[in-house]
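Lettering of chains follows the sequences in order, A, B, ..., and the numbering in each one begins at 1.
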Number of protein chains: 2
Amino acid sequence: MATQLRNLSLTSLRTFHAVGRHCHMRRAAEELHVSHPALSRQIRELEARLGTPLFERSGNRLALTAAGRRLHRVVSDAFAQLEKGLLYLDPESLSGEVVIATTATISLSWMLRLLREVRARYPEIRLRLTTIEPRARRLHSDIDIAICLGEPEAPERRVTALYEEHYLPVCSPQLLQQRRFGRPRDLLQLPLLHDTLQQWPSWFTSQGVDYEPGAGEVQFDYAYQAIEAARLGMGLALADRQEVSEDLKEGRLVTVIERPFTIGQSLYLACGRGPDLNARSRLVLGLIFEWLSSRGAPLQAGAEELQRELAAAGGEGVIT
Amino acid sequence: MATQLRNLSLTSLRTFHAVGRHCHMRRAAEELHVSHPALSRQIRELEARLGTPLFERSGNRLALTAAGRRLHRVVSDAFAQLEKGLLYLDPESLSGEVVIATTATISLSWMLRLLREVRARYPEIRLRLTTIEPRARRLHSDIDIAICLGEPEAPERRVTALYEEHYLPVCSPQLLQQRRFGRPRDLLQLPLLHDTLQQWPSWFTSQGVDYEPGAGEVQFDYAYQAIEAARLGMGLALADRQEVSEDLKEGRLVTVIERPFTIGQSLYLACGRGPDLNARSRLVLGLIFEWLSSRGAPLQAGAEELQRELAAAGGEGVIT
DNA sequence: CCCCATTACGAATGTCGTAACGATG
DNA sequence: CATCGTTACGACATTCGTAATGGGG
């Protein structure tokens, strides 16, 4: 059994790809622009190398064996992957700018890390990051991709809900030390860090606790400031899980108590429709989706649909 | 720009795979058992076909261009996939039995569906499903793979925690109708379905509600019986999210209220260690992990490690 | 002066197409 | 007897290896 790829002729795999798809030599030969006997010999050679029949010959009919089906699945996947990867090789088609707009909080929490990944893969793409206000409704026309908190008004663009924000109380592990906070009311022992969304009161209400301002509380304009303050051990911030996922993974922040809490606030993605979406933006979008899903963001149905469309149009590999 | 795979010689891709890895013709030639000039021409031909330089020649040094890095990533992934797929083609190495042991509830909730998938892919493998009690500590020696509720005592096996059970109140959508149950105590309006684990009282306690047996309650021995009763509209069952994921997806059951609740009960996987784990079992394990992760099971760290080991040893594609 | 990549040319290998064969329904 | 897959054989094309060339350090 030659299980090593190096012992195989890759042309025979390409042949097998076509023949396995049609299960019909004549048609496969037509597709490949070669004669039928050529295929027959390629297949036979491949089977000999593998030591396993790939087709069941019953009379004049061809049918894949179980091993054949397995190989065909693998070969099809691999070829599809190659085909997709070939789409965006040409630096010419990538040269140009992609303008990304998002809030200051998102840019600090994950967009910058993502852009580092984008640049490593596609250095030909010039990137520009524009900061917008959290509830911005209008988008400047030269923005290619926008990630907004709240639904923007952009009828000429494709607007997709990404995921609903899911807020967690987080703080520095030093601040928490060994203590455990089992009940929501225990959190009032620590200073709370607010931003203008003012979610702490509704969080306590949702947990059935009366909230009253306590000692050491600080009010910020933006969430990223409250999060940075939490990193510095200044108190408890209420942050979206996705926005602090890297902090949690790397231990700069810890969750204090696990309670599901949302205020119906969603992240929205706005991009050009079909032809208005250039190849560069499609690539960046593909990496955005890979980034979010590889980090467990609970993508909404519309977002997954867009992701599939992009993948079908030709995405690439996996962020490592 | 020839972005079509059919216009490329696949041997040139194989050559590129080696040369790109070494960035050194001489060493790559050694690996492929061919002469250096052969590689040089293959690469040059490939670049011509693609219309894009893949290597930057500065003096005598080779370095991948951005396009080259992208192509190399894609090609490496595709070849790795092929290589893995080739490992388990031979029906000979698969012929034999795999004995899987699990609880009655798990077998009905997802194991049978998974086995259908396994059989479709590897019909050469004979499958046997053995039912064990939820808290079984001892495993019969001819079991290849066991999925247990609670940690089994099996020092000679590799025992891995899969995920912690996460219980949800579920019922038939007909029973729920249009009503919404915002507070945990509202659930007492519906008849509760119990199994011997008796988790309803602790669920209510965890939600700060005093529980007292109400009208229409039914007590079963096993969880799968309570779940089936819930499907039939007999009342509310408390079921592990994973165990009812298919029911939720297909609308046979709906969640009544979302509250995180665990009782520290975990699913454990027991299988042979290294050499005791035959190829057949490895394949089945690979599909088990793909099944669970593609359905969003919150796998524990040890489980993901085992999954990676299996993938490295040679798994296959994705369950569709 | 050594190491490396590239080019040139004759040789070997592999692949292909045409034609004939065998089997099936 | 029409269709299909397989085998046989001569021709073509690609790829290879050896030897020679040209840059860099």
Please compare B:C23 and A:H36 by the position of their nearest nucleotide in DNA chain C and report the one closer to 5'. B:C23

In this structure, how many angstroms lie between the C1' atom of D:dG5 and the CZ atom of A:F55, rounded? 12 Å

Interatomic distance, B:N60 CG vs D:dG22 P [rounded to whole Å]: 15 Å

Check: A:Y88/A:R282 side-chain N/O donor and acceptor closer than 3.5 Å: yes

Would you say the side chain of B:R61 and the base of D:dG25 hold a donor-acceptor pair, judged only by whether the two atoms sit under 3.5 Å apart? no

Return the value, rounded to whole Å, for the distance between atom CG of B:L32 and atom C1' of D:dT15. 14 Å

Taking the minimum atom-to-atom distance to the side chain of B:S40, which one of C:dT15, C:dT7, C:dT18 wins? C:dT7

Between C:dT15, C:dA5, C:dG17, which nucleotide gets closest to the side-chain atoms of A:S9? C:dT15

How many whole angstroms separate atom CG of A:L39 from atom P of D:dC4? 14 Å

Side-chain atoms of A:Q42 come closest, of C:dT15, D:dC16, D:dG5, to C:dT15

Can you name the nearest heavy-atom pair linking A:R44 to A:R57, along with the distance? NH2-NH2, 3.5 Å

Spacing between B:H24 atom NE2 and C:dT6 atom P, to the nearest angstrom: 12 Å

Does the distance from a Lys or Arg side-chain N to an Asp or Glu carboxylate O, for A:E45 and A:R49, drop under 4.0 Å? yes

Scanning both residues in full, the closest heavy-atom pair of A:H22 with A:A28 reads ND1-CA, 3.7 Å

Take the protein atom CZ of B:R26 and the nucleotide atom C1' of C:dC4, then report the distance between them rounded to whole Å. 9 Å

Roughly how many Å is it from CG in B:L54 to C1' in C:dA5, rounded to a whole number? 16 Å

Selection from D:dT6, C:dG17, C:dA5 that lies nearest to any side-chain heavy atom of A:R44: D:dT6

Please state how far atom CZ in B:R27 lies from atom P in C:dC4, giving the value in whole angstrom units. 7 Å

Which of these nucleotides, C:dT6, D:dG5, D:dG17, is closest to any side-chain atom of B:R57? C:dT6

Could you pull out the closest heavy-atom pair between A:A29 and A:H36, with the gap in Å? CB-CD2, 3.5 Å

